[in-house]
Amino acid sequence: MEEVLKRLGPESSSRLLRLRREGWEKFNSLPWPLKTDEEWRRTDPDSFRWEPAGFDPKEALQVSFETPAPEWIRSGVIVTDLSTALRQFPDLMEKHLFRTGRPLGLAKHVSLHEALWRQGVFVFVPDGVKIPTPLRVRISESAGALAFFPHVVIVMGRRSEATLIDERIGAAGGGNPAFSDEMVEISVGEEGTLRYIHLQQWGENISEIYTQRTEIARDASFLNIHAALGAKATKAQIETILQEKGAQADLLGVLFGSDSQHFDFHTVQDHRSGQTRSDLLYKSALKDSSKAVYTGLIRIEKQAQKSDAYQANRNLLLSDGASADSVPMLEILADDVRCTHGVAVGPVDQDQIYYLNSRGLAPAEAEHLIVEGFFEQILQRIPAEELRERLMSELKRRLNGA
Amino acid sequence: MSGPLLEIKNLHVSVEEKAILKGISLTIEKGQVHALMGPNGSGKSTLSHVLMGHPKYQVTKGQILYKGEDITGLKTDARARAGIFLAFQYPTAIPGVSVANFLRTAMKARFGEGYQPKEFRKQLTATMATLEIPEDFATRAVNDGFSGGEKKRHEILQMSLLKPELAVLDETDSGLDIDALRTVAEGINRMRGPALGVLLITHYQRILNYIQPDVVHVFINGRIIESGGKELALELERKGYAPYEEKTQGERQEVPHEAGH
């Protein structure tokens, strides 16, 4: 395995090489999680157990992106794959890669990612640069891949502004069972604005570990729309750190499950400074025997007075076999804050169905319209019409059972 | 097809084993407006939902014939597509679904092949204008945060576009101020004609100043106690429901007496 780690590189950075080795050691020293671990009580850890023996670090993914317009390149905007970034911008990589801190949980899988990461994306928007049109990147599974470790780094400078649409696409025709262990690092500089739309459409052959960690500086704002439509099973941890005064985060999730898909999302809204605001809304609609687990923590630290935090999780069960667990958690150490949360799990409202039936819509058609409306509240905030429509038509297709 | 538009024959309806409608017979001819007047809790709304086929209500006896066909077992959506419309007393909110999207979907369901997407916008705008509904209404979510008056106008807007043959209006006048009442009543009057039958369910005589009924029924405790012309509504206005309620209480008292024999 030593040979594999060396081949993964990068030779240019002793820090990154050291981190890789440390990750590998940590991975080996930790046991695989058990069903009895608090973190894994609602999701079978065996779905995410992957043995690295015989791992071949060949290209398991295709990373593609739209090159920004020349004016933005001239301003110093970077959108590229990680290997290119390591070659062309070693200083930036040194400064930003693995710098947002370790995710709180999922230690075994995070260590594995740290040991075996290679392919991924680097997005950099320098101070003062505001890009009006969305940037786009996409990571696709290569046919025949067994395991992959995507890594995304997004760096927004002071007073910069951008929208990034980031997609995951499964191999055509499904593919063999595969394991994805991904990490996304985001930092938004002072007064910066990032809208990050993550669209997960892995095939149902993939089990996915996903960690995302965002640091938001003073008076900066972060909008995150995370749409999870694919994968057989997902265990995700999305941490948002409101680091400095005036930081704001709007965190939206759209989950659609069918067959026996399983989603487990853990979110953390970590208010570390005063006058910060976070507003989270995760919605899932679940068909067949799919399942969604949501655990959300709001933490307001002692010095974070006058913070404002909101968290809501709503689950629509579209069949008797579907289920959802929702667990809000609060850890409030400051005394002058506003903090509210709400949870709902239930089937489609029969009064709504009846009202639509009375206008001639057949029951299935009525249900579809209600589910569309359920997601509309989030989808309308996607700042790219084409993507919004694509997502809606994908949801419709899935509702229709295709 | 000839014969009446709607024929209700000795209809008995229960909810969770409790009898609500106790033998209703009512015939509405095409082109007629019938007013069904009764106090709160008499079962008026139950009748409206039974006509629309709400799954909660069980027809324990009797029949509903629509255009000569027994629709007693027909599902709600099939009734709607066949041209029955219910204006709800309490319309349901559908968050996230715009009025325009909702109406378009409903029109497609109602008219099938006959739905003309190109005409839809024009029709919608024109109908909204006659009902004095502002344009941005079409982008709002269905009944979500609507005022009482907006909900009722929205019901009449739907009725105008869906062109039913039988319209059941369940307390469409309730909660409306006088201007809104006039607008809504004018909307209904515009649709009156030989092809439409209306069952106007109301507590008050007020709306009948704007919509002239052909027949008035007094409805108390799950039964039609008396039927007559529009003068009956005025009589009700003068005397109130009390004399009629006494009449039904008298009937009820006879029941244990008879059972005792």
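Chain letters run A, B, ... following the sequence lines, proteins first, then strands; residues in each count from 1.
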_Region of Gln350(A) in contact with chain B, defined by heavy-atom distances below 4.5 Å_ = neither
*Quick one: what part of Gln377(A) sits under 4.5 Å from any heavy atom of chain B, side chain, backbone, both or neither?*
neither
Heavy-atom distance under 4.5 Å between the side chains of [X] and [Y], does that happen here?
{"X": "His54(B)", "Y": "Ser358(A)", "result": "no"}
{"X": "Ile370(A)", "Y": "Val97(B)", "result": "no"}
{"X": "Asn357(A)", "Y": "Lys75(B)", "result": "no"}
{"X": "Thr92(B)", "Y": "Tyr354(A)", "result": "no"}
{"X": "Leu369(A)", "Y": "Thr105(B)", "result": "yes"}
{"X": "Glu372(A)", "Y": "Asn101(B)", "result": "yes"}

Does [atom1] belonging to [X] count more than 12 external heavy atoms closer than 6.0 Å?
{"X": "Glu386(A)", "atom1": "CD", "result": "yes"}
{"X": "Glu69(B)", "atom1": "CD", "result": "no"}
{"X": "Arg190(B)", "atom1": "CZ", "result": "yes"}
{"X": "Gln380(A)", "atom1": "CD", "result": "yes"}
{"X": "Arg121(B)", "atom1": "CZ", "result": "no"}
{"X": "Asp320(A)", "atom1": "CG", "result": "no"}

Per-residue contact mode, [X] against chain A (heavy atom under 4.5 angstrom):
{"X": "Ala82(B)", "answer": "neither"}
{"X": "Leu86(B)", "answer": "both"}
{"X": "Pro164(B)", "answer": "neither"}

*Among Gln158(B), Arg110(B), Lys108(B), single out the residue with the greatest number of heavy-atom pairs under 4.5 Å to chain A.*
Gln158(B)
_Less than 4.0 angstrom from a charged side-chain N to a carboxylate O is my criterion; do Glu155(B) and Arg359(A) meet it?_
yes
*Minimum heavy-atom distance Ala109(B)-Gly360(A), with the two atoms named*: CB-O, 3.3 Å
*Which distance, rounded to the nearest 0.5 Å, do you find between the NZ of Lys56(B) and the CG of Asp351(A)?*
8.0 Å
*Would you please indicate yes or no on a ring centroid separation below 6.0 angstrom for Tyr355(A) and Tyr90(B)?*
no
*Show the numbers, then the answer: is there a side chain to side chain contact (heavy atoms under 4.5 Å, CB included) between Ile94(B) and Leu356(A)?*
CA-CA 9 Å; Ile94(B) 318 281; Leu356(A) 295 175; 4.1 Å; yes
